[in-house]
2 protein chains.
Amino acid sequence: MSPAADLGRVLCIITGASRGFGRAVAQDLYRLVQPGSVLVLAARSGVDLRAFQAELTESEAGRAGLKVEVVVADIGKVEGLENIMRTSREAFCEDMDHIMLINNAASLGDVSKYVKAFTDLAEVDSYLSLNVSSAMCLTAKVLQAFPQRPGLRRSIINVTSLCALQPFRSWGLYCTAKAAREMMFKVLAEEEPDLRVLSYSPGPLDTEMQVEARTKTADPSIKKTFSNMFAQGQLLTCEMSSAKLMKVLLDDKFPSGDHIDVFDV
Amino acid sequence: MSPAADLGRVLCIITGASRGFGRAVAQDLYRLVQPGSVLVLAARSGVDLRAFQAELTESEAGRAGLKVEVVVADIGKVEGLENIMRTSREAFCEDMDHIMLINNAASLGDVSKYVKAFTDLAEVDSYLSLNVSSAMCLTAKVLQAFPQRPGLRRSIINVTSLCALQPFRSWGLYCTAKAAREMMFKVLAEEEPDLRVLSYSPGPLDTEMQVEARTKTADPSIKKTFSNMFAQGQLLTCEMSSAKLMKVLLDDKFPSGDHIDVFDV
């Protein structure tokens with residue numbers, strides 16, 4: 001079967017959409033959906049979001065019939081999740097044939113210290129809430145709001161990392177949360193055979209998170225690895241990595257629940 | 001090298017020690033440590049803990065010089081962790097040569113529902129706090145209270161599960177937390193080469209958690225698997241599984257951070 005030319009008439013919800021990888025994914029999706037689709041972009045920064053919304057809707061004059069809704073929301077808060085859901089329900093039309101949720105929002109956590117320094121329960125709780133619980137609850141809310149029905153495709157994308165599979169010194173929180181998320185989405189894939197669940201690892205991206213990685217990482221050798229990757233131009237652009245994700249989504253051949261790395265596409 | 005005859009003069013902290021696997025481990029360790037050792041047993045139920053303490057200290061009259069301290073504590077609470085640490089610091093003697101922490105306490109989570117039903121952020125947060133954050137913070141506190149020094153062996157045991165490696169339908173929370181913990185302890189093993197870190201999977205045990213598993217699991221086929229295992233006598237006793245863990249600890253050959261399953265011992 002040849003890849004689809006587009007992703008259908010989609011309601012697509014993207015968290016962390018105002019910058020970095022989430023923003024690149026939104027830009028690509030904007031070009032790959034049919035008229036009648038809506039992108040729901042969520043992020044904490046309203047200024048960035050609205051500027052991005054204007055850029056998307058103005059720059060592509062030819063793309064009539066596409067809508068971009070923005071939600072200024074902290075996904076670590078109940079109200080944040082509810083705001084995303086309210087906007088999504090309002091944006092949904094009965095003739096949409098594809099619901100897509102891109103669980104992209106994440107934080108690196110404090111990489112300036114090792115696991116042995118994490119004695120503060122509230123700090124770890126708060127990190128896991130933002131990076132694990134919120135993704136589980138938003139996914140559950142989306143699946144409940146838009147239940148399975150004939151002709152409706154539902155895709156759940158988890159933006160993951162090599163850190164879900166391999167331990168990295170001084171990246172304790174990040175590795176822990178990424179491993180947790182990946183297992184959670186594997187369970188989901190087993191439970192709901194109608195879903196298309198994908199954990200996509202976008203690779204080392206030239207983003208603000210990488211600046212944090214190469215400036216704050218406690219472990220000298222891991223820190224050096226990141227600095228070298230930057231210095232030697234080995235970081236990927238968000239656009240390049242997002243393009244690979246689009247290829248995977250259009251091909252639509254991955255086993256549901258799979259981990260796919262950018263370097264394997 | 002032949003296995004050691006005992007585990008040394010140990011300060012050993014065990015969470016969830018009043019019943020099930022934690023209790024069996026405490027019983028075994030009581031026989032495998034040298035005089036001057038102290039077991040610090042933590043659990044939520046004071047009645048069970050004190051009865052167990054009395055049983056341990058009275059039944060083995062020959063084991064002079066061993067102490068059992070009990071801490072009634074909810075490890076999901078800051079005060080619970082602090083109580084364990086206070087008792088542990090008071091119990092420590094300079095001539096101890098081994099610090100051992102057994103992160104055993106865990107809950108199954110609500111297995112009567114699927115991932116798509118977990119829309120309540122507070123419920124997921126609370127589960128992850130008890131089952132992930134608390135293990136990270138207790139481990140960090142123990143490592144800080146008893147830092148590396150020549151002649152001091154430090155062992156951190158994570159009681160894990162096949163669920164850390166494989167998704168099980170309707171066991172979303174449990175799988176997620178076990179995967180998270182296992183990665184967290186892998187990072188720790190990479191960070192602190194002096195530690196002996198082990199994720200031990202005790203197998204399907206004939207415990208109260210298995211009663212929950214076979215009566216409450218939402219997925220019919222998973223539920224049936226557990227019922228069949230029980231009906232056909234395939235569940236392991238805690239004593240048998242604990243004995244395998246003791247063998248692994250005495251042999252002391254595992255790569256730090258490894259996952260070892262009872263069926264591989």
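Chain letters run A, B, ... following the sequence lines, proteins first and then strands; every chain starts at 1.
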Atom pair OG1/CZ of B/Thr176 and A/Arg181 - distance to nearest 0.5 Å: 11.0 Å

Neighbour count >12 (heavy atoms, 6.0 Å) for atom CZ, A/Arg44: no

Atom NZ of A/Lys141: over 12 foreign heavy atoms under 6.0 Å: yes

Proximity breakdown for A/Gln166 and chain B, heavy-atom pairs closer than 4.5 Å: backbone

A/Leu128 side chain reached by B/Ser133 side chain, heavy atoms, under 4.5 Å: yes

Atom pair CE/SG of A/Met183 and B/Cys163 - distance to nearest 0.5 Å: 7.5 Å

CE on A/Met136 to CG on B/Leu173, rounded to 0.5 Å: 5.0 Å

Interface residue of largest heavy-atom contact number with chain A, from B/Ala122, B/Ala218, B/Ser129, under 4.5 Å: B/Ser129

Chain A contact via B/Tyr114 - which portion, at a heavy-atom distance below 4.5 Å: both

CD/A/Gln234: more than 12 non-hydrogen atoms of other groups inside 6.0 Å: yes

Chain B contact via A/Leu143 - which portion, at a heavy-atom distance below 4.5 Å: side chain

Heavy-atom proximity to chain B below 4.5 Å, by part of A/Asp219: neither

Side-chain ion pair, B/Arg169 and A/Glu191, N-O less than 4.0 Å: no

Flag if over 12 foreign heavy atoms under 6.0 Å of CZ, B/Phe92: yes

Contacting region of A/Lys77 [heavy-atom separation from chain B under 4.5 Å]: backbone

Segment of B/Ser126 engaging chain A (4.5 angstrom heavy-atom cut-off): neither

Test item: A/Val124 and B/Val132 side chains (from C-beta on) under 4.5 Å apart, heavy atoms: no

Enclosure of A/Arg214 CZ (heavy-atom neighbours >12, cutoff 6.0 Å): yes

Neighbour count above 12 (heavy atom, 6.0 Å) for A/Lys216 NZ: no

Interchain contact, B/Gln144 with chain A, by part (heavy-atom threshold 4.5 Å): side chain

A/Phe254, CZ atom: more than 12 neighbouring heavy atoms under 6.0 Å: yes

Inter-residue atom distance B/Glu190.CD - A/Cys175.SG, 0.5 Å rounding: 9.5 Å

Partner chain A: residue of B/Val187, B/Leu138, B/Leu188 with the largest heavy-atom pair count (under 4.5 Å): B/Val187

Part of B/Leu81 within contact of chain A (heavy atom distance under 4.5 Å): side chain

